[in-house]
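Written below as structure tokens is the structure these notes are about.
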Amino acid sequence: MAWINSLPKIELHAHLNGSIRDSTLLELARVLGDEGVIVFTDVEDVIKKNERSLAEVFKLFDLIHKLTTDHKTVTRITREVVEDFALENVVYLELRTTPKRNDSIGMSKRSYMEAVIEGLKSISEVDVEFVSASDSRKLDNVCDGIHRKKIYVRLLLSIDRRETTESAIETVKLALEMKNVGVVGIDLSGNPLVGEWSTFLPALQLARDNDLYITLHCGEVPNPKEIQAMLDFKPHRIGHACFFKDEDWTKLKYLRIPVEICLTSNIITKSISSIDIHHFADLYNAKHPLILCTDDFGVFSTSLSNEYALAVRSFGLSKEETFTLAKTAIDATFAEDEVKQQLSLIYDLASP
Ligand code: 6MZ
């Protein structure tokens, strides 16, 4: 479906370390293998595998973090991930990542994030705008007569559910300090079987009090109490919503909280047993705000175009419906009004 590739798309749920090219991961693994830090062939099998349970996904992230967590590599993967999204016509990307501290290599949460920003600055294949629209050089996608892809990038700092309250608060404070370089919000993610909602609440409240946007991984496993507590917090968006009960749907729909839908991720991790019973259909028919997203395009071997194609095939969307679905994602972004207007223009020009 070539038209899906050329459709301008908006990605709002993508984890940096889950969106690494396999070729890059294998290259990094080979280097650590040569240094004797890991056994390359073991890692090669894990990286190339396509079926993974949710528990295996989190084991894989521990491995990926071993391969990627030095400043130079963080810069490199940021550059590659943004380029890959731009090349498939993602015009606005909210990229999320967990700031990491690693004393043994002199990495602080701040220096980790500076390496991410360095990655954004180092992109030359495509035009990137990641500071506020009014401060940035105006993006013109015709350069010397050659059309270049352009992409707006905003950052969300993730709190990992393994973190303490203090560590989560540190991340929120860092996000506040980095608002001038494109950080717009906070995400709560990580293994949903780990950690308590009450641990993260003070940090999330601090974020809210200081006008950061908030998105929560919500209902990725059955946890009725936590789902209700999260909805009562009224985040600006949620991700997944796989294990919602009737009362959760009622509350979600009443509050009109947009849902980031990650079809392939939900199917591969078996959070949803089959695509034809995915909650996309019910939310879509109810005209509830939803956004198709990749989650981790590296880990789940997908792309945003692939997620749209899957929705078209599975739910019978027409071209017009698909275009409208892509365009209405603008409303759910955490972007400034000026960027939203620019995105509207991009869609108007691409209208079928
Ligand atoms: C929950 C997830 C996730 O932050 O190191 N992450 N958290 N559910 C998911 N669904 C499968 N996919 C990714 O990117 C990797 C981290 O993002 C979170 C996990 O905390 C993972 O360690 P960063 O760039």
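This is a predicted model, so every value here is computed, not measured. Note that ligands are numbered from 1 as they come in the structure, with each ligand's atoms numbered from 1 the same way.
Within the 4.0 Å heavy-atom criterion, the part of Asp296 lying near ligand 1 is the side chain and not the backbone. Counting heavy atoms closer than 4.0 Å to ligand 1, residue Asp295 contributes side-chain atoms (C-beta onward) but none from N, CA, C or O. In Arg161, neither the side chain nor the backbone holds a heavy atom less than 4.0 Å from any atom of ligand 1.
When each of Ser19, Ser265, Ser189 is paired with Asp295, the side-chain hydrogen bond (donor to acceptor under 3.5 Å, both in side chains) condition holds for Ser265 and for no other. A salt bridge (Lys or Arg N to Asp or Glu O under 4.0 Å) with Glu83 holds for exactly one of Arg76, Arg21, Lys150; it is Arg21.
When only non-hydrogen protein atoms are considered, atom 4 (O) of ligand 1 lies nearest to Thr98 OG1, 2.5 Å. In this structure, atom 20 (O) of ligand 1 lies nearest to the protein heavy atom Gly190 CA, 3.3 Å. Given atom 6 (N) of ligand 1, the protein heavy atom at minimum distance is His15 CE1, 3.4 Å.
For Arg161 and Phe58, the positive end is not near the middle of the six-membered ring at less than 6.0 Å and at most 45° from its axis.
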- prompt: Passes side chain to side chain donor-acceptor pair (under 3.5 Å), Ser305 versus Ser303? Steps please.
  reply: CA-CA 5 Å; Ser305 302; Ser303 65; 4.6 Å; no

- request: Start with the C-alpha gap between Asp331 and Thr328, add the side-chain angles, then the distance that decides, and say whether side chain to side chain donor-acceptor pair (under 3.5 Å) holds.
  value: CA-CA 6 Å; Asp331 303 330; Thr328 49; 5.8 Å; no

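Residue-environment remark: CD (Glu125) stays at or below the threshold of 12 foreign heavy atoms within 6.0 Å. The environment of NZ in Lys251 is crowded: more than 12 heavy-atom neighbours from other residues, nucleotides or ligands sit within 6.0 Å.
For atom 22 (O) of ligand 1, the nearest non-hydrogen atom from the set His217, His65, Glu220 comes from His65.
Ligand-side atoms of ligand 1 in range of Asn17: 5 (O), 14 (O), 15 (C), 23 (P), 24 (O), range being under 4.0 angstrom from any heavy atom. Every atom of ligand 1 is numbered from 1 in the order shown, and the set under 4.0 Å from a heavy atom of Leu16 is 24 (O). Ligand-side atoms of ligand 1 in range of Thr97: 4 (O), 23 (P), 24 (O), range being under 4.0 angstrom from any heavy atom. The distance from ligand 1 to the heavy atoms of Asp160 drops below 4.0 Å at these ligand atoms: 20 (O).
Taking the ring centroids of His240 and His279, they lie at or beyond the 6.0 Å cut-off.
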